[in-house]
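Here the structure is laid out as structure tokens; the discussion comes afterwards.
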Number of protein chains: 2
Amino acid sequence: MTAQRRVVAEVLDGEHVHLTADEVHARAVTRLPEISRATVYNTLGELVTLGEVLEVSTDRRAKRYDPNAHHPHQHLVCARCGAIRDVHPAGNPLADLPDSERFGFTVSDVEVTYRGVCPNCASA
Amino acid sequence: MTAQRRVVAEVLDGEHVHLTADEVHARAVTRLPEISRATVYNTLGELVTLGEVLEVSTDRRAKRYDPNAHHPHQHLVCARCGAIRDVHPAGNPLADLPDSERFGFTVSDVEVTYRGVCPNCASA
DNA sequence: ACCCTACACTGGACATTGTCTAAGTCAAGT
DNA sequence: ACTTGACTTAGACAATGTCCAGTGTAGGGT
């Protein structure tokens, strides 16, 4: 555990939002001015491997990092402003895929992204 | 309808697979050698706007384009080789999101990606 | 037929995101 | 103190996508 890794972990834990790698880097720099992008990427990658943090890809621009890794959840994304909310749908989407639709795959995971317009954007 | 757009449409229609923009461009070049990347991107964007083609983002590298836009379906992706299959889960995932989990959003769409290991990779 | 205009296309520069590498730094063990 | 190895840094590089200025080109109006 180095100062750099601690700072990255603190940034993620401090704000329960979904930050991009560059946003994490920007916030980390305010606490540890000389931390490099490579270290942030490396550390985020390690946190993902350890299962402490989830990678989320709600748009096709940058990956985002979700510190809420220990509660299974899905995401609801505003198509206009990109806001992201964690949501908890009823049921288990994995159960909705019958064997006949698995083509011999060993299916281990499912990722659900709801898209819509948030109240802010709808009223604007 | 120009020669360039026809070629892009033919490439997508010809092979029912999920091509990246660059793969579309590579195939288009064999038929129309001087077609530019920008035109392929523009044309793909227009096809997406028209609803003729879907953008799929199964990995974080390149967007892929799915000509099967008129049959709602989801995707099953191999975590090792990246192979993509169209699948049709039972039920409607949109119905699984209760009002209490919508936070005032107008939810219009849902995207489901199953992940697993395909038979080929599992036996290797 | 000839110009004019609007649109599409081209090629390349640019932006964003992420990965890689060579070299530097630091701490622990010998 | 020296060696070793892990970590960090800075920057080059790669992949993908977007933008823009200049160049066709097709069709309408004369």
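Because the structure is a prediction, the values reported are computed rather than measured. Each chain gets a letter, A, B and so on, in the order its sequence line appears, and its residues count up from 1.
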Side-chain donor/acceptor contact of B:Arg37 with base of D:dG17 under 3.5 Å: yes

Here the distance between atom C1' of D:dC7 and atom CZ of A:Arg6, to the nearest Å, is 14 Å

Using whole Å, what does the distance between atom P of nucleotide C:dT25 and atom CG of A:Leu32 come to? 16 Å

What nucleotide, of D:dT9, C:dT10, D:dG17, holds the atom closest to the side chain of B:Ser36? C:dT10

How close or far is atom P of D:dA15 from atom NE2 of B:His25, stated in whole angstroms? 16 Å

Within less than 4.0 Å of OP1 or OP2 of D:dA14, is there a side-chain N or O belonging to B:Arg61? no

When every non-hydrogen atom of A:Thr20 is compared with those of A:Glu23, the smallest separation belongs to N-OE1, 2.9 Å

Contact under 4.0 Å: A:Tyr41 side-chain N or O vs C:dG18 OP1/OP2: yes

Atom-pair distance (CZ on B:Arg5; P on C:dT10), nearest Å: 11 Å

Hey, is the side chain of A:Thr39 poking within less than 4.0 Å of OP1 or OP2 on D:dC7, counting only N and O atoms? no

Rounded to whole angstroms, how far apart are CD on B:Glu46 and P on C:dC7? 12 Å

Among C:dA8, C:dG18, D:dA10, which nucleotide has an atom closest to any side-chain atom of A:Glu34? D:dA10

Return whichever of A:Asp22 or A:Asn42 has its heavy-atom-nearest nucleotide of DNA chain C closer to the 5' end. A:Asp22

Would you kindly give the CD1-to-P distance between A:Ile35 and D:dC7, to the nearest whole Å? 14 Å

Among C:dA8, D:dT9, D:dG17, the one nearest any side-chain atom of B:Lys63 is D:dG17

From A:Glu111 CD over to B:Thr58 OG1, what is the distance, rounded to the nearest 0.5 angstrom? 10.0 Å

Minimum heavy-atom separation for B:Phe103 to A:Asp86, with atom names? CE1-O, 3.8 Å

Nearest nucleotide by nearest heavy atom, which residue falls closer to the 5' end of DNA chain C, B:Ala3 or A:Ala62? B:Ala3

Between A:Val77 and B:Phe105, the two heavy atoms sitting closest are C-CE2, 4.0 Å

Would you mind reporting whether A:Arg31 and A:Val11 have side-chain heavy atoms less than 4.5 Å apart? yes

Rounding to a whole Å, what distance do you find between B:Leu44:CG and C:dC9:C1'? 15 Å

